[in-house]
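The block underneath contains the structure these notes are about, expressed in structure tokens.
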Amino acid sequence: MSINSENFSLLSKLPQYVFSSVNELKSQARSRGEDIIDFGMGNPDQPTPRHIIEKLLESAVQGRNHRYSVSAGLPKLRLAISNWYKRNYDVDIDPETESIVTIGSKEGLSHLMISLLAPGETVLVPDPCYPIHSFSVLIARGNIKEYNSIDDLKLLENIEKGLNSNPKPKALIISFPSNPTTQTVELDFFEKVVALAKKYSVIVIHDFAYADICFDGYKAPSFLQATGSMDVGVESFSLSKSYNMAGWRVGFMCGNSEVISALKRVKSYLDYGIFQPIQISAITALNGTQDCVHEIAENYKVRRNRLIDGLGKIGWEIEPPKATMFVWAKIPDRFLELGSLEFSKKLIKECRVAVSPGIGFGKSGDEYVRFALIENEQRIQQAARSIRKLF
Ligand SMILES: Cc1ncc(COP(=O)(O)O)c(C=O)c1O
């Protein structure tokens, strides 16, 4: 017998990321010795705050932390999560039944879908979206139904249309502040989503990865602040962005106890919990000084301003986002017909600037490219100067 990966049915549903063709061009250029200014991936470039690293070092030398941990997360970490919700959002979370630690949001969301869905069940996902929002559904052998999430004013209408369609969705994914679109909402939006969830009996999953990366006095609301939200859904948070801990793989999910217990059950078969020193460091991150969180957000704000100013000066006007580590830029009219993939390739070839093509996040993203603010101010200015030649 010869093994043929074409027989693995899931793989045909998981195509190569659209981003891979841009990545390919990027690495070819680099191998020719070209300096590419890289705004491609939302991978924080700054180190984790020192006090969190110190805690990791201290706890890593203690032998008792080398054993299997607890799949749902250390009770003290779940308590810290519950206190974090109370302090930041005045939301009460029972650490025992309404919270679970995840190996980053991606893992949590993927296993959540496996926990909730029977094969063939439908989930309503945004288009465009962060890729795991749709791929987690496919990995769980579910079906995706998309709602167009580009137009702020039509968001609720589009969600309701999707909820009211056949086959009836079992779950709805939302995420604000949004990657890639940088859209933000106020609490009344979540109140309306709760009302829709009750009307159409659907489970709401809110991805809150950019909770803390907010600017200009904007504070992103938690979905769990909405009245009745605990009856209908859960919220996922990640330490990756707020604390520059992307490589540590730690996050959590809180909310409806039936949903959380389903995820707990599935994960109890799959993992033994995150390496304990990482969980202990996560407690330090959540309970300790939050100055670092504000500094991280401030750094993205300064970079956002540089990019928006720099591009504005060359005639590429973009509304400054109120949150996230991204700038979601409408492709200038004269290049629109290229589409986002060809335009991104052009930026690499002619300007040595790498961005993510909007189509990589869904078909409705094709008139946009996404800049991740992971280059320093000087290189951002250099990128804007370099893009000038296209204008
Ligand atoms: C919306 C969104 N959710 C989740 C994640 C991934 O988070 P984690 O590192 O916790 O898996 C990202 C990372 O870019 C994101 O943008």
Side-chain angles (χ1 to χ4, degrees), residues 17-19 23 38-48 52 73 77 81 84 99-113 123 125-137 139 149 172-185 204-214 220 222-223 233-254 263 267 270-271 273-275 278-279 281-282 285-286 293 296-297 300 304 321-328 355-356 358 360-362 365 368 370-374:
Y17 267 169
V18 175
F19 307 118
N23 289 340
D38 193 355
F39 299 102
M41 189 182 173
N43 190 357
D45 60 312
Q46 297 295 304
T48 305
I52 302 172
L77 177 50
I81 291 165
W84 180 89
S99 80
I100 182 169
V101 176
T102 59
I103 310 171
S105 303
K106 260 180 127 176
E107 180 273 337
L109 292 168
S110 306
H111 285 140
L112 179 68
M113 286 305 170
V123 178
V125 301
D127 169 21
C129 69
Y130 178 61
I132 203 64
H133 294 165
S134 49
F135 289 123
S136 60
V137 178
I139 290 168
S149 60
L172 159 70
I173 299 187
I174 53 175
S175 181
F176 300 99
S178 160
N179 173 17
T181 65
T182 74
Q183 283 158 312
T184 55
V185 295
V204 180
I205 301 156
H206 180 233
D207 181 346
F208 201 26
Y210 297 96
D212 295 311
I213 314 298
C214 298
S222 157
F223 174 69
V234 291
E235 179 164 85
S236 157
F237 177 77
S238 165
L239 277 77
S240 297
K241 308 296 160 90
S242 298
Y243 302 93
N244 279 341
M245 291 173 72
W248 299 52
R249 312 309 303 131
V250 56
F252 51 82
M253 199 178 288
C254 293
L263 179 58
K267 272 172 66 62
L270 292 172
D271 69 69
I274 302 168
F275 183 45
I278 292 180
Q279 295 193 59
S281 309
L286 297 176
V293 179
I296 288 166
Y300 288 128
R304 173 203 69 169
K322 279 195 285 187
T324 78
M325 56 186 290
F326 306 106
V327 167
W328 179 242
V355 297
S356 293
F361 303 97
Y368 295 80
R370 191 197 71 178
F371 291 80
L373 298 168
I374 51 161

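Order of appearance sets the numbers: ligands from 1, and atoms from 1 within every ligand.
Here R370 pairs with nothing under the salt bridge (charged side-chain N to carboxylate O under 4.0 Å, His left out) rule; sequence neighbours left out. Under the ring pair (Phe, Tyr, Trp, His ring centres under 6.0 Å) criterion, Y210 pairs with F326, sequence neighbours left out. With sequence neighbours left out, F39 forms a ring pair (Phe, Tyr, Trp, His ring centres under 6.0 Å) with F371.
Pairing each heavy atom of I213 with each of M325, the nearest pair is CG2-N, 4.1 Å.
A distance-only check finds no donor-acceptor pair linking the side chain of H206 to the backbone of S222 [under 3.5 Å].
With a 4.5 Å cut-off on side-chain heavy atoms, F361 and S149 do not count as touching.
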Show me the short polar-atom pairs for ligand 1: any N or O of it lying under 3.5 Å from a protein N or O, with distances only.
from, atom 1, to, atom 2, distance (Å)
ligand 1, 3 (N), D207, OD1, 3.4
ligand 1, 3 (N), D207, OD2, 2.6
ligand 1, 9 (O), S240, OG, 2.6
ligand 1, 9 (O), R249, NH1, 2.8
ligand 1, 10 (O), S105, N, 2.6
ligand 1, 10 (O), S105, OG, 3.3
ligand 1, 10 (O), S238, OG, 2.7
ligand 1, 10 (O), S240, OG, 3.4
ligand 1, 11 (O), S105, N, 3.2
ligand 1, 11 (O), K106, N, 3.0
ligand 1, 11 (O), R249, NH2, 2.7
ligand 1, 14 (O), Y210, OH, 3.2
ligand 1, 14 (O), K241, NZ, 2.6
ligand 1, 16 (O), N179, ND2, 2.7
ligand 1, 16 (O), Y210, OH, 2.6

